[in-house]
Amino acid sequence: MGMSSSYNFRNPVRHFIDIDHLEYPQDITTFEPISELCWTKPVAFRIYKADDRFRTIKMPNILNYVRALKYYSGLNNFNNVMLLDPQHKRLETNLDTGDFVSGNYDKQLNDDFMTLCNYDVLVKLDISEYYGRIYTHYLDLDDNGLKDEPLAWLNNGRTSGLLMGNYLSLYFAEYLLSRISNELQENIEADSLNCVFKYFSDDFYFFCNNDDIEKVLNLFDKVLAEYDFVRNEKKKIWTYETYNTYNLLTRYWKATIRAWNLEVLKDNENHEKHPEMPMKHKYSFLNQLIYRLSTLQDERSKRSFIINFFKTKYFQSCDYANYRVCSYDLHQLFFLIKSAPESLLYISHIINTISDIKNNLKTKEFLAARYKDALKHELHDMQLYFYYAIKVLGFDDIIQDTTSLVLKSQNQVLVAYYLKDENFSEEQISSLKIMENEEYWFQNYHLILYTPSLNDNLDASIRKYLIPERLSHRPNPTKENRYYSFYYDNLHNRHAVIRDISSVTASIRDYLELRSQETMSEDNLDE
């Protein structure tokens, strides 16, 4: 298991952060975490959810996280949560890609339609604030001879609520869901209820007949109450027809690729007939994407449609040397990026090879405008996507005009990159030095790494900025030495936690290749 993929599981910020190359204590798998570590505060990182709302993931103290990962790694089916409940789970993880298994969605969707032929409706329900309500004592870790302190100490000692964003939390969330699932199945059988169900994270999919909908709701509420959870009042009820209308994404991007492929074949045939004419394909798929986008019902579906299209192997492996850029191609491309900025991770390295797009002044103007706008809002992932594209395309002068906005953003990952590239003035560095609280440990680590005056005096800098605050209230030389040694070794050897941009690109391309291998057997269009 790659620790970097585990540290920020599924979220694209994992491409920017590397904890695998850091130096850890030689006894990282064996030292007693409860007597040698303490409560630590995580770093907040806000990611886009939908409709201008955000979700906050939290990155835990790295030493605490890696020790906890090793501590719990022997638990049942730790590397494959699907095996915790293969009858009901829809979620399958790939720890190499740091994502859910690609292609599994289509299989599950096909199974849904088959099941809907046997029942009247699909009732989708979810648990309200699931991660925030998980009580670590309910995980029954003592049954395995383990304690819950290493888990709770990732979140400043809290036993109520799990941090969102890492694989360790996901595993325990899925473990508890498997217990809830078992209770549901037992009750369904005891009540002879004509119903089957599956679940993806805290979203439950119940297939039943119309007369049993109320029974399903009551059963779900009853089982959740046993674990101190409640159901979200919003529910979705689909028939075969309405569910078919809602789930168009995969068919849409496949249809777009088919149309694109047919047009390329037609161009090739014309070129064979008229070899004296230069062959230049059109970016017609952009128009196809926008046309199909207009038929989707909600913003989340639209973003997913755009992002997953640009992830396909067909798009990634295309040779764009024989394409010509028309004036309308630019605004169509920019509209798609604006609608789903995450797509910049999967297309920036391609745009960098297309001179007619990269060297067009409008491209630079677009990225500058959207980046500055993103910095004025609170979505850290969006800011990072635009920053990445600007760096890949070499538009570094845009960055010089944004330092004050980055300081206000509280985006510690982005601040770390600006520190690395020496974008801040001395006055701005001084303002960062004032931020001594533990919750700023990520940017403070890089502040020490890239500020000579702080790096020259590592002892004082580490004690001032990086030792957990808990130890200032309850001094413990053994615990303090664990953190001090970890930070000293890595800072002394110049190990950053952020990847350089070329390594980010390499990480993204590796992910796309692994993802395409997952789907290759599923769909010949992606070969």
Side-chain angles (χ1 to χ4, degrees), residues 1-20 22 39-50 53-69 72-73 78-79 81 91 93-100 126-127 129-134 136 139 150-177 200-203 300 307 342 345 378-385 409-416 438-443 445 497-499 504 507-508 511:
M1 179 198 308
M3 292 188 297
S4 297
S5 295
S6 164
Y7 188 62
N8 282 290
F9 189 78
R10 199 191 179 202
N11 193 277
V13 71
R14 70 186 182 279
H15 298 300
F16 294 84
I17 294 174
D18 184 6
I19 68 171
D20 285 285
L22 298 180
W39 296 8
T40 54
K41 294 182 180 179
V43 167
F45 188 85
R46 296 186 292 266
I47 63 174
Y48 187 65
K49 188 176 180 182
R53 293 176 295 155
F54 65 84
R55 171 183 287 124
T56 301
I57 63 173
K58 293 188 176 181
M59 293 181 278
N61 177 281
I62 295 171
L63 182 60
N64 276 58
Y65 179 76
V66 173
R67 182 63 191 100
L69 193 67
Y72 295 117
S73 62
F78 187 79
N79 292 332
V81 296
L91 181 152
T93 55
N94 183 332
L95 295 176
D96 292 325
T97 63
D99 207 340
F100 300 139
D126 67 88
I127 304 173
E129 300 177 1
Y130 177 59
Y131 270 72
R133 293 173 178 265
I134 293 176
T136 59
L139 300 173
L151 184 63
W153 289 358
L154 300 178
N155 194 16
N156 204 29
R158 291 183 58 188
T159 57
S160 177
L162 295 180
L163 298 179
M164 295 191 69
N166 64 78
Y167 181 79
L168 197 54
S169 293
L170 181 143
Y171 171 82
F172 285 117
E174 291 299 317
Y175 166 76
L176 191 54
L177 285 167
F200 182 92
S201 188
D202 60 347
D203 292 328
R300 185 174 181 179
I307 292 168
E342 184 188 331
L345 298 184
E378 46 195 0
L379 301 170
H380 292 157
D381 58 340
M382 300 294 185
Q383 297 164 2
L384 207 53
Y385 302 152
S409 72
Q410 297 187 13
N411 186 339
Q412 294 191 48
V413 179
L414 198 52
V415 168
E438 184 186 351
E439 54 265 35
Y440 295 106
W441 63 260
F442 190 96
Q443 73 179 37
Y445 178 92
V497 183
I498 54 172
R499 288 186 168 107
V504 174
S507 175
I508 292 169
Y511 159 70

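In plain terms, the two heavy atoms of Ile19 and Met3 that are nearest each other are CD1-O, 3.7 Å. For the pair Thr159 and Ala152, the tightest heavy-atom approach, listed with the atom from each and the gap, is CG2-CB, 4.2 Å. Residue Ala68 comes nearest to Pro150 through the heavy atom pair CB-O, 3.9 Å, listed as atom of the first residue, atom of the second, then distance.
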Hey, mind stepping through Trp39 and Trp153 against side-chain contact (heavy atoms from CB on, under 4.5 Å) and telling me if it holds?
-> CA-CA 4 Å; Trp39 296 8; Trp153 289 358; 2.8 Å; yes
Report the C-alpha separation of Phe45 and His380 in whole Å, then their side-chain angles, then the decisive distance to 0.1 Å, and conclude whether the side-chain contact (heavy atoms from CB on, under 4.5 Å) test is met.
-> CA-CA 6 Å; Phe45 188 85; His380 292 157; 3.5 Å; yes
Going through the distances and angles, do Phe100 and Phe200 end up as a ring pair (Phe, Tyr, Trp, His ring centres under 6.0 Å)?
-> CA-CA 11 Å; Phe100 300 139; Phe200 182 92; 5.2 Å; yes
Chi angles and distances behind the side-chain contact (heavy atoms from CB on, under 4.5 Å) call for Leu168, Tyr7 = CA-CA 8 Å; Leu168 197 54; Tyr7 188 62; over 6 Å; no
Begin with the C-alpha distance, continue with both residues' side-chain angles, and end with the deciding distance and a verdict on side-chain contact (heavy atoms from CB on, under 4.5 Å) for Phe9 and Ser169.
-> CA-CA 10 Å; Phe9 189 78; Ser169 293; over 6 Å; no
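In this structure, the side chains of Leu151 and Leu139 come closer than 4.5 Å at one or more pairs of heavy atoms. Residues Arg499 and Phe16 are not in side-chain contact: their nearest non-hydrogen atoms beyond the backbone lie 4.5 Å or more apart. Contact check for Val13 versus Asp381: no side-chain heavy atoms found under the 4.5 Å cut-off. Side-chain contact between Arg46 and Arg55 is absent, with no heavy atoms from C-beta onward closer than 4.5 Å. No side-chain heavy atom of Leu379 sits less than 4.5 Å from a side-chain heavy atom of Ile47.
Aromatic ring pairs are classed by plane angle as parallel below 30°, tilted from 30° to 60° and perpendicular above 60°; the pair Phe78 and Tyr167 is perpendicular.
In this structure, Tyr171 has its ring center at least 6.0 angstrom away from the ring center of Tyr72.
Within the model, atoms CG of Leu414 and CD1 of Ile498 stand 9.5 Å from one another, a figure rounded to the nearest 0.5 Å. Atom CG of Asp126 sits about 9.5 Å away from atom OG of Ser201, to the nearest 0.5 Å. From Leu154, atom CG reaches atom OG1 of Thr40 across 6.0 Å, with rounding to the nearest 0.5 Å. To the nearest 0.5 Å, atom CD1 of residue Ile134 and atom CZ of residue Arg158 are 12.0 Å apart. Atom OH of residue Tyr131 and atom CG of residue Leu162 lie 7.5 Å apart, to the nearest 0.5 angstrom. For the atom pair CD (Glu438) and CG (Asn156), the distance works out to 7.0 Å, reported to the nearest 0.5 Å.
Between the side chain of Ser409 and the main chain of Asn411, a donor-acceptor pair closer than 3.5 Å is present. Under a 3.5 Å cut-off, the side chain of Tyr130 and the backbone N or O of Ala173 do form a donor-acceptor pair. In this structure a side-chain-to-backbone donor-acceptor pair under 3.5 Å is missing from Glu439 to Lys41. Listed for the Arg10 side chain is no donor-acceptor partner under 3.5 Å among the backbone atoms of Asn166.
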Please tabulate, one pair per line, all N/O donor-acceptor pairs under 3.5 Å involving side-chain atoms of residues 56-64, not counting sequence neighbours.
residue: Asn61; atom: OD1; partner: Leu63; partner atom: N; Å: 3.1
residue: Asn61; atom: OD1; partner: Asn64; partner atom: N; Å: 3.0
residue: Asn61; atom: ND2; partner: Tyr487; partner atom: OH; Å: 3.2
residue: Asn64; atom: OD1; partner: Tyr483; partner atom: OH; Å: 2.6
residue: Asn64; atom: ND2; partner: Cys38; partner atom: O; Å: 3.1

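For the pair Arg14 and Tyr511, the distance from NZ or CZ to the six-membered ring centre is under 6.0 Å and the angle to the ring normal is within 45 degrees.
Checked against His15 for a side-chain hydrogen bond (donor to acceptor under 3.5 Å, both in side chains), the options Ser507, Ser5, Ser4 give a single hit: Ser507.
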